Every structure is written in C-alpha cells, then in structure tokens.
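Note that the structure is a prediction, hence the values are computed from the model and not measured. Chain A is the first sequence line, chain B the second, and so forth, proteins listed ahead of strands; every chain is numbered from 1.
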Amino acid sequence: MSSLTLRDLHLCFEGAVPAVIATASRAGVPNVTFLSRVRLVDDERIALSNQFFSKTQRNLAENPRASVLVVDPLEYIEFRLTLVYERTERRGVTFDKLKDDVEAVAAVSNMQKVFKLRAADIYRVVEIEPTNDEPRAHALKPREPRVTSPAPIGELAARLSRCGDLDSIVGTAVDGLAELLGYEHSLLLLVDESGTRLFTIASHGYPAEGVGSEVTIGEDFIGIAAERVMAVRVGNVRQMLRYGATVRRSFEESGAIAPGREIPVPGLVEAESRVAVPMLALGQLIGMLVVESHHKVAFDESDEAQLGVVASLIGNAIEAERAREASDPADERRSLAPRVEPGPESRSTHVRFFTVDGSTFLGGDYLIKGVAGRILWSLLGHYNRERRTDFTNKEVRLDPSLELPEFRDNLDSRLILLKRRLDEREAAIRIEKTGRGTFRLHVEGSLRLDEVAAPSD
Amino acid sequence: MLSPELTAFLEGGPGLIVGTVGRDGTPTATRGWGLTVLSAATGECRLLLDSDAGRPLVNLEETRTIAVTCADVPTFYSVQLKGDLVRLEEATDADRTRSDDYVDAFFGDVIRTDGSDLASLHRLRPNNILAAIVRFAEIFDQTPGPGAGCALPTGAP
C-alpha cells in the first residue's frame with residue numbers, strides 16, 4: 001500500500017462526486033457501475049450501501065474483490081481503491097450512517113416506502129493508488145476542522161442570553177450565525193401546534209426572508225432529521241436531488257410507486273451543502289436549525305458539533321421564553337383601553353380570508369395561512385369593529401375562533417411569524433411588540449375585509 | 001446491435017467508466033475518454049483509454065473481457081455494454097481530436113449540472129491516450145433503480 005491512508009482521502013467519501021465500482025463474476029466477466037454512497041468506516045475499511053439485489057452484489061458473492069474509483073471533490077484527484085469484501089452489517093453505527101444517506105435521498109424524492117437500505121457491505125482496502133496527478137495526491141492532507149475556536153460561539157451564547165422575547169431570540173440567532181460564525185444562509189424552523197410540521201420563523205441570507213414556509217416532519221432531509229431528532233449533513237444536495245429523481249422515475253416505471261409530487265424545500269435554490277440540526281429542550285423537539293452553502297462539501301463534522309451547541313442554546317432560550325410567557329401575569333395587568341390610530345386614508349388594503357385553511361391575501365398577494373392567518377383575521381375584525389389597536393397574548397389565546405390547543409399553543413411563535421411576514425412585505429398592516437405579552441396593531445389607511453367561506457358541498 | 005439512438009447517446013459525451021478483470025480474477029476500474037461506434041451492426045467500437053492506466057490495460061491484454069457503462073450526467077440514464085477486446089492501438093490525431101470533443105461535451109455537462117470548476121476537472125484528464133477496439137455483445141440498462149442490470153435486447157435507449 002502507498003503512504004496514503006483512507007483518512008487522507010476523507011473528502012472523497014462525502015458523496016460529492018459519484019464513486020465507481022468494478023466487480024467480476026466467478027467466470028471473469030467484469031461489471032462496472034456508479035455507487036450511490038461510500039462511507040469511511042475506519043483506517044482500513046469502507047462501507048458501500050446495498051439497496052438492490054444488483055449484479056454487483058451477485059458478483060461479490062462469487063468473487064469478493066472489487067475496485068473503486070473515488071474523487072477528492074476539492075482537488076479533483078482520483079484514487080483507485082482495491083477492496084476485499086469482509087462482512088455485511090444490518091445494524092450498528094455504520095449501517096445507521098448509510099441508512100441516513102439513503103433515507104435522505106428517499107425523503108427528498110418521496111419514495112421512503114420503496115427506497116431503503118438493505119445492508120451495509122464492509123470492505124477492507126488493500127491498496128490506494130492515485131490515478132492522476134501523483135505529486136499532488138501524495139501532498140494531500142486531511143482538511144483542518146473548520147471550527148477551531150470556542151470564542152464566537154461564546155459571544156453568540158452571551159447575546160442570546162440577553163434576549164428578552166422570542167422575536168429577538170430568533171433574530172439574534174440567525175444574525176449571530178452569520179456575523180459571528182460565518183453561516184451566511186440559515187433557517188430556523190419551529191414545530192407547529194400539531195407536532196407534524198415545521199414552519200420557518202426566521203432566516204438569514206435569502207433573497208426573500210421566506211418565513212412561513214413549511215416542511216412536514218418525516219419529509220425531505222430537514223423533516224427526516226426532525227423525525228429522527230438527529231443532525232443530517234449533506235455536501236452534494238444537487239446531485240442527491242438528481243439521483244433521487246432518477247431512482248424515483250425507475251420505481252414509477254416498474255409500478256412499485258405511483259407518480260408523485262416533488263417536495264419543495266425552503267432554502268437556497270441551488271444549495272450544494274446543507275446541515276440540519278434539531279433544537280431540543282427538556283428532551284422535546286422545539287424545531288430545526290438549518291445552514292446552507294452554494295459550495296460543495298462546505299461543512300464538516302466540526303460544523304455539525306458547533307451547530308448542535310447553537311441549536312441547543314436557541315431551543316432552550318425559546319422554551320424558557322415560552323414558559324415565562326405561559327406563567328407571566330403581566331399581560332393581564334396592562335391597560336387595554338382601545339386606541340384609535342386612524343391612518344391616512346390614501347392607502348386602502350383589501351384583505352381576503354379563506355375560512356377553509358386560514359389563507360390570507362393582502363391585495364392579490366398571498367400572506368400567510370393557518371393559525372397565523374386566523375390570528376390576523378381576528379385582530380383586523382377587532383380593529384374594524386372597535387378601532388382597537390392594543391392587544392394581549394392572553395386574550396388572543398382565549399379567542400375560540402383560533403382553535404388553539406391548550407398545551408403548547410405556539411401563539412408567540414405565530415405572532416412573530418405574522419409580524420415578520422408583514423414586515424417582509426412592507427404591508428400597510430404591521431404588528432409591534434409593546435411589552436411582555438402585549439402588542440399593537442398598526443394599520444395605515446383603510447381596510448376592506450372579505451371573508452371567503454368554504455364551499456357548502 | 002446498436003440502434004441509432006443508442007449510438008448517438010454513446011458518442012455524445014456521457015460519463016464513461018470501464019471495468020476490466022485480470023487473469024487472477026481481480027477487477028479494476030478506470031475511465032474512458034471517448035467512444036466511437038465503428039459498426040452498429042456488429043457492436044464494434046473504438047474506446048479511448050488512458051495509455052498510462054497501467055493495470056486495466058494489462059488486464060485487457062490478459063483476459064480481453066471488458067465492461068463499459070455510459071451515463072448521462074444530468075439524468076443518470078445509463079447503459080452498460082459488455083464484450084471483448086479486439087486489439088489495442090496507438091492513438092491517432094483523429095483520436096486525440098475525438099477525445100478533445102468528448103472532454104468538452106462531458107465536462108460541459110458536469111459543469112452545467114453541478115457547477116464544478118473546469119480547470120479542476122481537467123486534472124482528471126489523462127496526458128496520453130490509446131485506442132481499444134472492442135466488440136460489444138451485450139447491453140444492459142444501468143440507470144439507478146430497481147431495473148438496473150436488466151438486459152436490453154434491442155439496444156434501444
């Protein structure tokens with residue numbers, strides 16, 4: 001074996017460039033194909049995913065030798081690995097990592113029922129040979145961890161601990177991720193009232209803020225990470241999406257699954273790298289922290305660890321704020337005298353509200369739906385009837401038209417979401433937090449409210 | 001043997017990966033750098049390989065068996081051809097031009113698909129090539145999914 005080690009080649013195993021495997025039958029007929037994923041196991045071994053009863057698998061049962069080509073995605077140096085099959089695993093750490101990879105592909109392509117890891121095949125690498133640019137290959141060194149200092153995360157923790165409400169927690173978090181830790185594109189998603197979906201409450205580094213976009217828990221890689229309450233890191237998003245689409249088409253043609261929809265994922269249009277980390281507090285999933293990059297293999301294990309700490313800080317800050325919100329009587333003590341703030345009549349806003357799902361449109365533009373839509377409709381009704389502008393969370397919470405659950409109603413998050421959507425659209429209607437548990441509605445100009453009832457059939 | 005559609009696909013710049021096997025049964029993977037169909041009727045093709053590839057070339061001379069998978073970069077649509085080496089030849093000027101055209105098409109697809117950098121991709125390119133005259137006898141669907149490995153009797157893509 002040359003002086004190169006598998007650790008030197010670790011970036012080759014991030015899946016950014018498809019690997020190649022050649023095998024041969026006992027009769028000496030070669031077979032060559034691309035591999036969906038190769039994982040580093042230890043200093044001497046790699047693992048290959050096994051999803052199908054393929055010719056590769058049949059050859060290896062007869063002749064346990066293989067040749068694999070892998071490419072370093074940053075240096076474009078190719079290595080040929082000579083392998084000897086050792087064993088097949090159907091549980092354990094290596095199996096779970098490959099299972100995560102396969103499930104991520106299945107999730108983005110909506111084929112979780114049919115595209116599953118059958119086994120992880122473990123091979124001993126007996127030779128590593130660069131096939132091009134040998135001098136550069138031998139100079140290859142493991143990349144230094146991207147995260148080397150705890151100081152920035154300490155500063156972010158300090159800033160978060162000074163936040164007095166949910167709006168400032170989520171805003172400080174995404175701003176700090178960019179300013180202090182260098183994550184220019186980040187999303188914060190919170191678990192909704194039903195516990196089945198995640199909605200984006202804050203983001204940084206996107207052309208449109210995108211708050212309010214949703215992900216179903218268990219779908220796409222953010223939903224998968226949420227469902228499994230574990231971090232998922234992908235360094236080849238675009239390739240994964242293409243591969244998933246191809247496999248899905250193949251399953252559709254075989255009749256195993258019906259043609260299905262693509263799942264829209266909030267985030268960068270052409271993201272190459274993504275890390276999704278669960279935010280936990282008191283053992284409960286609060287939401288997900290997601291960072292993205294346009295570059296391949298932009299994040300490593302140190303990012304995953306650092307983001308795990310940040311996610312924990314945010315999750316616990318949010319949970320503490322919710323606990324305080326739920327127990328604080330401050331909002332009941334405040335004067336709630338109606339305040340009339342007539343705006344200039346030159347601006348008129350037409351608001352349409354669809355009772356079927358709470359979808360709300362300002363002018364012809366979609367604003368929000370669900371609980372946040374119903375909250376806005378309720379507030380605007382009060383404003384129109386009574387010219388009220390000052391409200392408390394408590395009274396909103398007790399409004400039966402909102403049908404909020406008694407436990408974990410997420411009201412504060414929904415108000416923040418609503419506020420951010422209105423700000424993002426520079427709407428004539430705005431929400432301003434005026435104190436703990438209180439807020440004010442600002443309306444510029446006049447309102448025309450139309451409620452669209454569900455069809456009666 | 002090779003339909004016009006398949007011929008167009010094979011010559012159009014798909015990713016070319018090659019499997020060979022040594023006399024002791026050890027397989028070896030390498031890449032191809034251009035393919036031209038010489039006879040669609042007999043399946044004879046001119047496959048360009050790295051002349052410094054080493055073991056794959058030794059394998060070809062020892063056992064003459066070869067497998068080539070051709071994969072469309074944007075869609076992963078793939079076919080695998082299996083057959084035997086007829087002979088190895090030194091590359092001609094026409095081969096080098098053919099390989100240049102192949103690299104332009106293949107790397108162009110890679111860049112458009114995943115944004116790779118052209119200068120970096122060129123590191124993969126061999127310094128010298130040779131030509132393998134190969135006669136393919138079998139064609140398989142190799143597109144990722146449950147149908148991968150199924151024989152394609154007509155060779156139609």
Side-chain angles (χ1 to χ4, degrees), chain A residues 16-18 20-34 36 51-56 58-59 63 65-69 71 73-78 80-82 114-115 129 131-133 136 236 238-239 242-243 245-251 253-254 256 270 272 294-296, chain B residues 15-31 50 52-56 59 62-69 71-78 80-82 110 113-117 119-127 138 140-150:
Chain A
V17 179
V20 172
I21 184 167
T23 56
S25 67
R26 187 185 291 128
V29 179
N31 191 83
V32 65
T33 188
F34 289 99
S36 59
Q51 291 92 258
F52 306 108
F53 284 115
S54 66
K55 182 66 181 168
T56 297
R58 292 196 293 277
N59 279 354
N63 175 7
R65 290 169 287 189
S67 174
V68 165
L69 297 177
V71 175
L74 302 183
E75 297 291 335
Y76 279 85
I77 301 168
E78 183 181 68
R80 182 183 294 125
L81 313 180
T82 303
V114 289
F115 190 60
E129 168 194 9
T131 68
N132 65 325
D133 208 340
R136 189 188 286 266
N236 61 333
R238 283 200 281 171
Q239 185 187 299
R242 283 190 299 117
Y243 177 80
T246 300
V247 175
R248 179 174 177 93
R249 232 178 356 258
S250 183
F251 273 116
E253 285 167 7
S254 75
E270 293 200 324
E272 275 290 9
H294 285 297
H295 300 288
K296 282 183 185 174
Chain B
L16 294 172
I17 53 173
V18 178
T20 64
V21 58
R23 192 178 289 133
D24 66 351
T26 302
T28 306
T30 188
R31 290 182 191 273
D50 179 357
D52 300 320
R55 204 173 328 148
N59 288 351
E62 282 182 0
T63 67
R64 311 193 82 75
T65 59
I66 187 168
V68 180
T69 289
D72 182 51
V73 174
T75 65
F76 286 103
Y77 165 76
S78 309
Q80 181 165 205
L81 307 167
K82 294 191 180 183
V110 173
T113 304
D114 74 0
S116 294
D117 160 57
S120 302
L121 280 172
H122 269 285
R123 288 186 197 139
L124 293 171
R125 194 177 175 179
N127 294 322
E138 295 176 290
F140 300 89
D141 180 3
Q142 206 60 46
T143 306
C150 293

J.: For A:V71, which atoms come within 4.5 Å of any heavy atom of chain B: side chain, backbone, both, or neither?
T.: side chain

J.: Might you point out which heavy atoms bring B:S120 and A:L74 nearest each other, and give the distance in Å?
T.: OG-O, 4.5 Å

J.: Restricting to ring-ring contact (aromatic ring centres under 6.0 Å, His included), what partner residues turn up for A:H295, sequence neighbours left out?
T.: none

J.: To the nearest 0.5 Å, what is the distance between CG on B:L124 and CD on A:E78?
T.: 6.0 Å

J.: Between B:R123 (side chain) and A:E75 (backbone), is there a donor-acceptor pair under 3.5 Å?
T.: yes

J.: Which heavy atom in B:P27 sits nearest to a heavy atom in A:R65, and how many Å separate them?
T.: CG-O, 3.4 Å

J.: With a 4.5 angstrom heavy-atom cut-off, is it the side chain or the backbone of B:V110 that approaches chain A, or both, or neither?
T.: neither

J.: Before giving the answer on side-chain contact (heavy atoms from CB on, under 4.5 Å), spell out for B:D114 and A:E272 the whole-Å C-alpha distance, their side-chain angles and the decisive distance to 0.1 Å.
T.: CA-CA 8 Å; B:D114 74 0; A:E272 275 290 9; 4.0 Å; yes

J.: Hey, mind stepping through A:N31 and B:K82 against side-chain contact (heavy atoms from CB on, under 4.5 Å) and telling me if it holds?
T.: CA-CA 8 Å; A:N31 191 83; B:K82 294 191 180 183; 2.9 Å; yes

J.: Of all of B:I66, B:T113, B:T20, B:N59, which one pairs up most often with chain A through heavy atoms under 4.5 Å apart?
T.: B:T113

J.: Can you list the steps and then say if A:V29 with B:T65 is a side-chain contact (heavy atoms from CB on, under 4.5 Å)?
T.: CA-CA 6 Å; A:V29 179; B:T65 59; 5.6 Å; no

J.: When heavy-atom pairs shorter than 4.5 Å are enumerated against chain A, which of B:S78, B:G22, B:P74, B:A29 gives the highest number?
T.: B:A29

J.: Please check: side-chain N/O of A:R242 versus main-chain N/O of B:V73, any donor-acceptor pairing under 3.5 Å?
T.: yes

J.: So for B:R55, is it side chain, backbone, both, or neither that comes closer than 4.5 Å to the heavy atoms of chain A?
T.: side chain

J.: Locate the shortest heavy-atom distance separating B:V21 from A:A24; write the atom from each residue and the value.
T.: CG2-CB, 3.7 Å

J.: Specify which of A:P73, A:P18, A:A66, A:P30 makes the most heavy-atom pairs with chain B at under 4.5 Å.
T.: A:P30

J.: Could you state the interatomic distance from CD1 (B:I17) to CD1 (A:I21), rounded to the nearest 0.5 Å?
T.: 10.0 Å

J.: With a 4.5 angstrom heavy-atom cut-off, which part of A:L81 approaches chain B: side chain, backbone, both or neither?
T.: neither

J.: Go through the atoms of A:T56 and report whether side chain, backbone, both or neither lie under 4.5 Å from a heavy atom of chain B.
T.: neither

J.: Hey, are the side chains of B:P144 and A:F34 touching, using non-hydrogen atoms and a 4.5 Å cut-off?
T.: no

J.: Do A:Y76 and B:L121 pass the side-chain contact (heavy atoms from CB on, under 4.5 Å) test, and can you show the C-alpha distance, the side-chain angles, and the key distance before you say yes or no?
T.: CA-CA 6 Å; A:Y76 279 85; B:L121 280 172; 3.4 Å; yes

J.: Side chain, backbone, both or neither: which part of B:T63 has a heavy atom under 4.5 Å from chain A?
T.: neither

J.: Heavy-atom distance under 4.5 Å between the side chains of B:T30 and A:T131, does that happen here?
T.: no

J.: How would you list, by chain and number, every residue that makes a side-chain hydrogen bond (donor to acceptor under 3.5 Å, both in side chains) with B:T75, sequence neighbours excluded?
T.: B:D72

